[in-house]
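Below is one structure, written out as structure tokens; comments come after it.
By convention in this document, chain letters (A, B, ...) are assigned in the order of the sequence lines, proteins followed by strands, and residues within each chain are numbered from 1. Being a predicted model, the structure only gives us computed values, none of them experimental. Hydrogens, waters and symmetry mates are skipped; everything else that's a heavy atom, side chains included, is used.
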2 protein chains.
Amino acid sequence: MGASARRGPYICGIDAAMDVVSGKWKSLILWELDNYGTRRFGELRRGLPGVSEKMLIQHLREMEEDGLIHREVYREVPPRVEYSLTADGTSLNEALRPLGAWGTARSARLAADDVVARA
Amino acid sequence: MGASARRGPYICGIDAAMDVVSGKWKSLILWELDNYGTRRFGELRRGLPGVSEKMLIQHLREMEEDGLIHREVYREVPPRVEYSLTADGTSLNEALRPLGAWGTARSARLAADDVVARA
DNA sequence: CAGCATCCCACTAGATACTG
DNA sequence: CAGTATCTAGTGGGATGCTG
């Protein structure tokens, strides 16, 4: 009974999508996994500056349960676990691209306004 | 000190965009305003079943401060206030469209799986 | 009609310490 | 290395009542 997705009922598609992406690091995890294809726990941790172990594992578990990522365990010593995107995770990442572009444009504009404001 | 957007610094574009859309009803407000062009407070309230007055006004104020919506006050009796999208809000709505489509597809698939599971 | 103020709870997320 | 467990603070969001 964790803090995972509600899994409906949803008012609309965005609602359903937001349910699965909300979480401070989830979109970053998606992006990281999309870039590298496959990532170990420690690599993700280093790739997401500021994330705590607890939040990382919690988000990873929820995303696994939501069918966005795949978790492959190699029973070795030392233990190795590799995370990768599922088809769903990949398509979600695609769907997030325009939003990312919008955010980048907005950030740039805010920064520019800030410079003007300081002048 | 409110519950408004952090307004940076952001790790990436999605981060910046999520900062502005996160809030249970914000994407719905965007969608509603995009559909109707302009909406009064009471109309929005009725259009978003389940929203409380407090959350609606709070989200509207934050979105206004974030430059996503425009608030026009008509000093009449009884008072009238109309909300509409700014150019930024409109473009954000565009950027959210693929995500909405993804969520809709996911919902449909989950529902189908659910039917199968019950069979 | 449109909004503000206040109280309250659940949940999110962080820090820290421990384990197979 | 890859987690678990526990405790705590901060915040999101709901209910209710009041105002111009």
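The side chain of A:Arg80 approaches D:dA2 more closely than any other nucleotide in the set D:dA2, D:dG13, C:dA13.
Nucleotide D:dT11 holds its P atom 13 Å from the CG atom of B:Asp19, rounded to whole Å. As rounded to whole Å, 14 Å separates atom P of C:dC1 from atom CG of B:Leu44. Protein atom CE of A:Met55 is 17 Å distant from nucleotide atom P of D:dG10, rounded to whole Å. Regarding B:Gln58, its CD atom lies at a distance of 10 Å from the P atom of D:dG14, rounded to whole Å. Atom-to-atom, CG of A:Leu56 to C1' of C:dT16 comes out at 17 Å; the value is rounded to the nearest Å. Taking atom CG on A:Leu48 and atom C1' on C:dG14, their separation rounds to 15 Å, with Å as the unit. C:dG20 atom C1' lies 15 Å from atom CD of A:Glu76, rounded to whole Å. Nucleotide D:dG13 holds its P atom 11 Å from the CD1 atom of B:Ile29, rounded to whole Å.
Residues A:Trp25 and B:Ile11 are in side-chain contact: their nearest non-hydrogen atoms beyond the backbone lie under 4.5 Å apart. A:Leu56 is listed as a side-chain neighbour of A:Phe41, based on a closest heavy-atom distance under 4.5 Å. In this structure, the side chains of A:Met18 and B:Met18 come closer than 4.5 Å at one or more pairs of heavy atoms. With a 4.5 Å cut-off on side-chain heavy atoms, A:Leu96 and A:Leu30 count as touching.
A cation-pi arrangement is not found for A:Arg39 relative to A:Tyr83, the charged atom failing to lie both closer than 6.0 Å to the ring centre and inside a 45° cone about the ring normal.
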Using a 4.0 Å heavy-atom cut-off to protein, can you give one letter per nucleotide of nucleotides 3-8 of chain C, 5' to 3': B if the base is in contact, S if only the sugar-phosphate is, - if neither?
BB-B--
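With respect to B:Arg97 and B:Asp34, a salt bridge is recorded, a charged nitrogen being found less than 4.0 Å from a carboxylate O. B:Glu62 and B:Lys26 are joined by a salt bridge, as a carboxylate oxygen and a charged side-chain nitrogen come within less than 4.0 angstrom of each other.
As judged by a 4.0 angstrom heavy-atom cut-off over every strand, B:Arg40 is placed among residues touching the sugar-phosphate backbone only.
Comparing A:Pro79 and A:Gly23 along DNA chain C, the residue whose closest nucleotide (by nearest heavy atom) sits nearer the 5' end is A:Gly23.
At the phosphate of C:dT12, neither OP1 nor OP2 sits under 4.0 Å from any side-chain N or O atom of A:Trp25. Within the 4.0 Å cut-off from OP1 or OP2 of C:dT12, not a single side-chain nitrogen or oxygen of A:His59 is found.
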